[in-house]
Amino acid sequence: MIKITFPDGAVREYETGISALQIARSISEGLAKKVLAASVNGQVWDAGRPIYQDASLKLLTWGDTEGKSTFWHSSAHLMAEAVESLFEGVKFWVGPPVENGFYYDMDLGGKQMTEEDLRKLEVKMTELARQQEAFQRKEISKADAIQYFTEKGDEYKLDLLQNLQDGEITFYTQGQFTDLCRGPHIPHTGLIKAIRLTNIAGAYWKGDERNKMLTRVYGVTFPSQKELDEYLALLEEAKKRDHRKLGKELGIFTMDDDIGPGLPLWLPNGTIIIEELEKLAKQTEEKGGYKRVVTPHIAKENLYLTSGHLPYYQDSMYPPMELDGVKYYLKAMNCPHHHKIFAAEQKSYKDLPFRLAEYGTCYRYEQSGELFGLMRVRCLHMNDAHIYCTKEQFYEEFKAVNDMYLKYFKIFGIGKYVMRLSLHEPSKLGKKYVDEPALWKETEALVRDVLIRTNTPFVEVPDEAAFYGPKIDVQIWSTIGREFTLATNQVDFAQGRRFKLEFTNRDNQAETPLIIHRAPLGTHERFIGFLLEHYAGKFPLWLAPVQVKILPISDKFLEYAQTLLQSLKNADIRAEIDDRSEKIGKKIRDTELAKIPYMLVIGEKEVAENLVSLRKQGKGDLGKRTIEEFIRDARQEISDRRGE
RNA sequence: GCCAUUGUAGCUCAGUGGUAGAGCACUUCCUUGGUAAGGAAGAGGUCGUGAGUUCGAUUCUCAUCAACGGCUCCA
């Protein structure tokens, strides 16, 4: 007999060799039907695998992350089985679960897969699932495994086997399909009730662009049709919040073939948002002791040779234009320009920290396949600043930057974010990173220290630093689940020396400052793209391009509307009159759809009483008040930069 | 940059080897209506661009550009 400890602390005895599935069945048949896998002593196992020793046990179902990923992993195998039956000679690479479903990479031997094939595969998968094929685990020796795949002529699985040792190799078989796999899997394919293969994509073998391109098929499955339907509905919702769609509908930005890929044109509404964001940044930076500067969009080649950017990033800079035998580049970053401003006047330790801020326009020739709406563009406006400070000042400065991030997150209601401490990879010194091992260690420790001392939660990620120093990237998620890097906060020990930046210290010695690069609001492009999805286009009052729409019941009241408009304009509130000869219902509907925060409905009664009827977007009628009252409240809401 | 898909009116989309349609938006007229769509008429496209096949191409083929989905990349 063995002792099994359950998550609630209960301990029960079972016969040696009992499986999690049998235990579940002993509790209830209903539970047993839902069990997908089991966590045995913290390890995820097949639910049907016998347990021979005392263990802690957690039954995993659809509600558990591991249960879900096991389900999707098994679904990938089911898909592979279907693919094998429809595409003879297919060879598989890997098929893991992902955040929303699974994929399997495969070599179709020159054959092409189409959307129609996906539908056929879905049918085949459903058919196979109905047969309730059990997933059978088999431990196998490396020699036998190699023999199996050699006979099959599968070089991909043989490649995988190279890195595996005897004793850790297992095969899983369901129906006609056998795969090298460490598992675990769900008990049988019959649990997979709803199947949707979502798309076909290319993916480099082992993620290396020098390798062969494999075919990757993505899919998602569910234990019931209802859940699939809900998932599809969610995708529909996400589509409506897509910043590219909203950006067009709300007149924020546009792209034009004649301008060029990745070069957005900011429409008047979008420009208002840009100006409001810059106002916020200027106010915040003013308080933080930053000085504003403006620098040119181009510079001589030599500047980027000095900074060290050119050898690292030449391919992603627009090619140079040559004038009088000198090459000029469009700037891809603002730092070298700011360094030159630091160097323009003699500096003493009394001038430090020296903080320069600029909403700098940069041009980056991003690979064509990288371009993505506003999120990834070739012309960007960066909320950039550089802080030149001593090592002693570093902690306070870095902390102040961190605090600034948090202040912004509060204003914009960004609740979910992850700070990623990006470190260098020692083996790539001199290639991807500046070859200064001691300085890397020192600055990485400095940054880690700030995060720890300020109790900032963070994760460490290796091999993601900038070439000149470690950095903190802030990862955020838009409400439709899109993940991206918003802000970045970097330490730079390299460029100060390269530019021979110096200040005179207390001992009358020349010293090189540390440089902090920071961009809490990222770029206008990415941030506004994010905000569009974050707010679903319903901007808070302070950001809304049009804040108030005046809706006269009929054009008899246009004159009164004009006096209201004038009052609003005098109070710096962005307002418009809907002077079309439409019914009030139509005017309200159009204003609601344009996501304008406030509507002032005026008719005979309002004119007689010298009032306005206030209506809030999405909330409906709020009743009557004087225009002065409305202006007072609206101005307060704007100056508070209120989110809701 | 690589693999796959898509490109028709301002927007969303239908359609065809014989030089194109809907809804919304737009213009004009009628309507002056009280909290999410009043009515009528009209204007608008050399079907992404270039070449080829064909008596004839928006439709078929190729190339090219762009967008979208991934991969790789992101100072």
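Residue numbers start from 1 in every chain, and the chains themselves are labelled A, B, ... in the order their sequence lines are given, proteins ahead of strands.
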For the C1' atoms, the ones on B/A25 and on B/G44, what distance do you get once it is rounded to whole angstrom? 12 Å
Side-chain ion pair, A/Lys471 and A/Asp473, N-O less than 4.0 Å: yes
Could you state the CE-P distance from A/Met382 to B/C74, rounded to the nearest angstrom? 15 Å
When the distance from CE of A/Met113 to C1' of B/C3 is rounded to whole Å, what number comes out? 13 Å
Measuring from the side chain of A/His309 (C-beta onward, heavy atoms only), which nucleotide among B/A36, B/U72, B/A75 has the closest atom? B/A75
Can you check the A/Glu525 CD to B/C74 C1' distance for me, whole Å? 15 Å
So what does A/Tyr313 touch, heavy atoms closer than 4.0 Å: a base, only the sugar-phosphate, or nothing? base
Measuring only the C1' atom in each nucleotide, how far is B/A4 from B/A67? A whole number of Å is fine. 14 Å
Is there a side-chain polar atom (N or O) of A/Tyr218 under 4.0 Å from OP1 or OP2 of B/A4? no
If you measure from the P atom in B/U8 to the same atom in B/C3, how many Å do you get, rounded? 24 Å
Spacing of A/Leu541 atom CG and A/Ile573 atom CD1 [to the nearest 0.5 Å]: 7.5 Å
Starting from P on B/C74, measure out to CD on A/Gln475 and report it in whole angstrom. 14 Å
Quick one about A/Tyr156 and A/Asp107 (side-chain donor to acceptor, distance below 3.5 Å, no hydrogens or angles considered), yes or no? yes
Is there a donor and acceptor pair, one atom on the side chain of A/Arg210 and one on the base of B/C2, closer than 3.5 Å? no
C1' atoms of B/G10 and B/U53, separation to the nearest Å: 35 Å
Tell me whether A/Lys549 is salt-bridged to A/Asp590, with the criterion being a basic N under 4.0 Å from an acidic carboxylate O. no
Whichever of A/Glu366 and A/Thr114 has the more 5' nearest nucleotide on RNA chain B, that residue is A/Thr114
With sugar-phosphate meaning primed atoms plus P, OP1 and OP2, does A/Gly369 contact a base, only sugar-phosphate, or nothing at under 4.0 Å between heavy atoms? base
Can you check each nucleotide of nucleotides 26-34 of chain B against protein heavy atoms at under 4.0 Å and return B for base, S for sugar-phosphate only, - for none, in 5' to 3' order? -----BBBB
Are A/Glu155 and A/Lys91 close enough for a salt bridge, meaning some N to O gap below 4.0 Å? yes
Could you tell me whether the phosphate oxygens of B/A36, OP1 or OP2, come under 4.0 Å of any side-chain nitrogen or oxygen in A/Lys586? no
Ranking A/Cys335 and A/Ile200 by the position along RNA chain B of their nearest nucleotide, the one closer to 5' is A/Ile200
Taking atom C1' in both B/C13 and B/G45, compute the distance separating them and give it to the nearest angstrom. 15 Å
Validation row: A/Leu423, A/Asp463 side chains within 4.5 angstrom (heavy atoms): no
Check whether any side-chain N or O of A/Arg526 sits under 3.5 Å from a backbone N or O of A/Met375 as a donor-acceptor pair, and report yes or no. yes
Any donor-acceptor pair, under 3.5 Å, between the side chain of A/Ser316 and the base of B/A75, if you only look at N and O atoms? yes
Could you check whether A/Arg580 pairs with A/Asp578 (Lys NZ or Arg NE/NH1/NH2 to Asp/Glu carboxylate O, under 4.0 Å)? yes
Spacing of the P atoms in B/U59 and B/G17 (rounded, Å): 11 Å
Whole Å only: how far is the CG atom of A/Asp105 from the P atom of B/G70? 14 Å
Per the 3.5 Å Watson-Crick/G-U criterion and a run length of at least three, the stems involving RNA chain B are B:1-3 with B:69-71, B:5-7 with B:65-67, B:10-13 with B:21-24, B:26-30 with B:38-42, B:48-52 with B:60-64
C1' spacing across the pair B/G7 / B/U49, given as an integer number of angstrom: 11 Å
Kindly say whether, by distance alone, the side chain of A/Glu370 makes a donor-acceptor pair under 3.5 Å with the base of B/U72? yes
Interatomic distance, A/Met375 CE vs B/G70 C1' [rounded to whole Å]: 17 Å
Under a 4.0 Å threshold between the charged nitrogen and the carboxylate oxygen, would A/Glu237 count as salt-bridged to A/Lys240? yes
Any N/O donor-acceptor pair, A/Tyr204 side-chain to B/G1 base, under 3.5 Å: yes
Quick one: the side chain of A/Arg216 and the base of B/C71, do they pair up donor-acceptor inside 3.5 Å? no
Lys/Arg-Asp/Glu bridge criterion (N-O < 4.0 Å) met for A/Glu115, A/Arg119: yes
Electrostatic pair A/Glu366-A/Arg376, nearest N-O below 4.0 angstrom: yes
Tell me the interatomic distance from A/Glu592, atom CD, to B/A36, atom C1', rounded to whole angstroms. 7 Å
Rounded to the nearest Å, what distance is computed from the CG atom of residue A/Asp315 to the P atom of nucleotide B/C2? 14 Å
Check step by step if ring pair (Phe, Tyr, Trp, His ring centres under 6.0 Å) holds for A/His77 and A/Phe92. CA-CA 10 Å; A/His77 279 235; A/Phe92 295 101; 9.1 Å; no
With the sugar-phosphate defined as primed atoms, P, OP1 and OP2, and the base as all remaining atoms, what B/S/- string results for nucleotides 63-68 of chain B, 5' to 3', for protein heavy atoms under 4.0 Å? ---SSS
Are any of the side-chain nitrogens in A/Asp105 or A/Arg216 under 4.0 Å away from the carboxylate oxygens of its partner? yes
Could you check if a side-chain atom of A/Val601 sits within less than 4.5 angstrom of a side-chain atom of A/Phe557, using non-hydrogen atoms only? no
On a whole-Å scale, what distance lies between the C1' atoms belonging to B/A20 and B/A9? 11 Å
